[in-house]
Amino acid sequence: MTKIVISGVGVFTPEEVISNEELVKVFNAYADLQNEKYATEIAKGEREPVPYSSEEFIFKASGIERRHVMNKSGILNPEIMHPILEKRQDSELSIMAEMAVNAAKKALKKAGKQAKDIDCVIVAASNFERAYPAIAIEVQSTLGIKGFGFDMNVACSSATFGMQVIADMIKSGSAKSVLMLNPEICSGHVEWRDRDCHFIFGDVCTAVVIEKAEIANGDNQFEIIATKCATQYSNNIRNNFGFLRRSYPNGMEDKRDMQFMQNGRKVFKEVVPMVSNLIVEHLKEQNIAITDIKRLWLHQANKSMNDMIGRKVLGRVPEPNEQPNILQEYANTSSAGSIITFAQYSQDLEKGALGIICSFGAGYSVGNVIVKKL
Ligand code: CO8
């Protein structure tokens, strides 16, 4: 049977950081501006005032302390409240490709590989800055990789679904050595003017080299033992921005549904059992005892959610090193979250140790990858 390994992982982290304190300050300044602007309507009871956000709430509800972003000046201006990114010429490298190339170089170095060794590039992310040409093909061309590339989107589960696709491709022989990239500019599609979600997301890009074991030579390799994906339709996490927008009456107006929307509480309640059941089922199918799992690299959306999943899967409170989190530093970076955690907390495992990379999010979608340290 073809043995497939993760042979290198790289992370590009944007330099700019926004603390909860800065975020709350700008949100409350925005609330003041809105409440001043609509003072008459609010006084007449025709409009609700915008309530303040709070650092205590954010930390308690999510565990998030700060987030990295591609541009903070626009987000921290109460008159703007979104990132300001320069418009690039079509002849220039696009911003998602630039992030991906940066992370890719790190992953290739870790894997001990060069562009000529890779035969497929997949960009798996939760939003794309354009419809086409594929960002993956732009990255492929920039790095000088032969073969083929394509983009795919399964929201927060893009990376784990990507890993399943790649493992299947390598098994079937359509590729030998694949570079997967997860550039996430969540700051571009979160609504910074909505206190229910303004604290949730950050920007990052992860890169993973996955290949046939016999050609791999990275020094921190993990065999992909098995993958399992599941989806269940839900409108509880949704973004309606798309190419048909201008066809609708007033479709291009700045409306709330052009950005990320969610019913967080429902997502929490419905996704926790979906994820823990899938992990337990997958381990059963693979005849792997729960006690053999040494680490959970979970999707990074919410600390309590991860604590609950860890407890349900292991049947006890996980030790901090069994289920590490990075969301306090990065916030939710969609598909990249579990991969950042894997990149930061996988070196110390002993040979033969089993672990799980698991992501979950919009769709709903859950992707589970069981790996073994080599
Ligand atoms: N400050 C103060 N109070 C607040 C704030 C705030 N910032 N926000 C909300 N409140 C208030 C609410 O109004 C509410 O007040 P009241 O009780 O009077 O109605 C109260 O606090 C409690 O609010 P919630 O019920 O919303 O609070 P929760 O405890 O549920 O926490 C969370 C909210 C943190 C959002 C939580 O529900 C959560 O994390 N849920 C899981 C979400 C999740 O995992 N989603 C996955 C989505 S990510 C994904 O799939 C990727 C999509 C693609 C990427 C998109 C990139 C942008």
Side-chain angles (χ1 to χ4, degrees), residues 11-35 49-86 95-96 98-99 102-103 126-127 156 182-206 259-262 264-265 267-268 297-307 320 323-341 343-345 361:
V11 181
F12 161 72
T13 302
E15 276 171 25
E16 299 193 13
V17 177
I18 300 180
S19 66
N20 286 350
E21 189 185 355
E22 289 172 293
L23 194 68
V24 167
K25 197 169 155 206
V26 69
F27 184 89
N28 293 349
Y30 161 78
D32 286 341
L33 286 174
Q34 288 293 300
N35 296 339
V50 178
Y52 276 179
S53 182
S54 109
E55 277 178 69
E56 296 71 38
F57 172 85
I58 293 172
F59 182 67
K60 198 163 163 254
S62 68
I64 297 165
E65 295 175 42
R66 63 190 74 83
R67 69 283 297 142
H68 293 259
V69 290
M70 294 303 282
N71 166 265
K72 68 186 269 188
S73 64
I75 297 166
L76 293 186
N77 182 334
E79 308 269 8
I80 300 176
M81 304 207 42
H82 57 73
I84 299 173
L85 303 172
E86 248 173 65
I95 190 164
M96 284 182 76
E98 184 179 293
M99 294 164 79
N102 185 310
S126 57
N127 228 329
C156 287
N182 319 105
E184 294 287 8
I185 311 182
C186 300
S187 63
H189 53 118
V190 66
E191 179 50 90
W192 298 93
R193 297 169 298 185
D194 180 346
R195 80 165 184 164
D196 287 344
C197 67
H198 77 122
F199 56 90
I200 294 179
F201 292 101
D203 302 336
V204 81
C205 180
T206 47
Q259 312 298 338
F260 168 86
M261 300 180 292
Q262 79 165 349
R265 195 139 278 199
V267 173
F268 195 120
W297 298 280
L298 298 180
H299 174 51
Q300 299 290 303
N302 183 298
K303 183 174 180 305
S304 314
M305 205 169 179
N306 284 2
D307 289 348
Q323 186 214 290
N325 287 319
I326 51 85
L327 55 81
Q328 60 280 12
E329 170 68 24
Y330 283 88
N332 182 344
T333 50
S334 197
S335 67
S338 57
I339 307 296
I340 307 172
T341 318
Q344 291 192 2
Y345 295 95

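Scope of the values below: all heavy atoms of this structure, side chains included, with no hydrogens, waters or symmetry mates.
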Can you tell me how far apart CG (N182) and SG (C205) are? Round to the nearest 0.5 Å.
6.5 Å

Using every non-hydrogen atom in the two residues, find where L327 and S62 come nearest and quote the distance to one decimal.
CD1-O, 3.5 Å

Carefully, step by step, assess M99 and I185 under the rule side chain to side chain contact (heavy atoms under 4.5 Å, CB included).
CA-CA 10 Å; M99 294 164 79; I185 311 182; 3.6 Å; yes

Quick check for you: to the nearest 0.5 Å, what is the distance between N332 atom CG and E184 atom CD?
9.0 Å

Can you list the steps and then say if E98 with N102 is a side chain to side chain contact (heavy atoms under 4.5 Å, CB included)?
CA-CA 6 Å; E98 184 179 293; N102 185 310; over 6 Å; no

Got a donor-acceptor contact below 3.5 angstrom from the N35 side chain to the V50 backbone?
yes

Spatial distance of atom CD1 (I58) from atom CD1 (I200) [nearest 0.5 Å]:
9.5 Å

Not counting sequence neighbours, list each pair that qualifies as a side chain to side chain donor-acceptor pair (under 3.5 Å) and has a residue in residues 193-202.
S53-H198, E191-R193, R193-D254, D194-R256

Rounded at 0.5 Å granularity, tell me how far CH2 in W297 sits from CD1 in I339.
10.0 Å

Taking everything shown except Q344 itself, do over 12 heavy atoms lie less than 6.0 Å from its CD?
yes

Distance-only donor-acceptor pairs under 3.5 Å for side chains of residues 73-84, two or more places apart:
unit_1, atom_1, unit_2, atom_2, d
S73, OG, N71, ND2, 3.1
N77, OD1, E79, N, 2.9

Go through the steps for F199 and R67 under the test side chain to side chain contact (heavy atoms under 4.5 Å, CB included), then give the verdict.
CA-CA 8 Å; F199 56 90; R67 69 283 297 142; 3.7 Å; yes

Just how far is it from atom CG of L298 to atom OG1 of T341, taken to the nearest 0.5 Å?
8.0 Å

Taking every heavy atom of K303 against every heavy atom of G63, the minimum-distance pair comes out as CB-CA, 4.2 Å

Candidate pair F57 and V24, rule side chain to side chain contact (heavy atoms under 4.5 Å, CB included), full reasoning
CA-CA 10 Å; F57 172 85; V24 167; over 6 Å; no

Of the non-hydrogen atoms in H299 and S334, which two are nearest, and what is the gap between them?
CE1-O, 3.4 Å

Nearest 0.5 Å, what's the CD-CG distance between Q323 and N306?
5.5 Å

Minimum-distance pair of heavy atoms, taken over all atoms of V190 and F201
CG2-CD1, 3.7 Å

Okay, side chain of E16, backbone of K72: is any donor-acceptor separation there less than 3.5 Å?
yes

With no hydrogens and no angle check, is any side-chain donor or acceptor of H189 less than 3.5 Å from a backbone partner on F260?
no

Close side-chain approach of Y345 to I326, heavy-atom, < 4.5 Å:
yes

Verify the distance criterion only: is there a donor paired with an acceptor across the side chains of T333 and Q300 at less than 3.5 Å?
no

Can you give me the closest heavy-atom contact between R66 and N20, atom names plus distance?
N-OD1, 4.1 Å

At their closest point, which heavy atom of E22 faces which heavy atom of V17, and how far apart are they?
OE1-O, 3.6 Å

Is there a donor-acceptor pair closer than 3.5 Å between any side-chain N or O of E21 and the backbone N or O of E55?
no

S187 backbone acceptor or donor facing D203 side chain under 3.5 Å:
yes

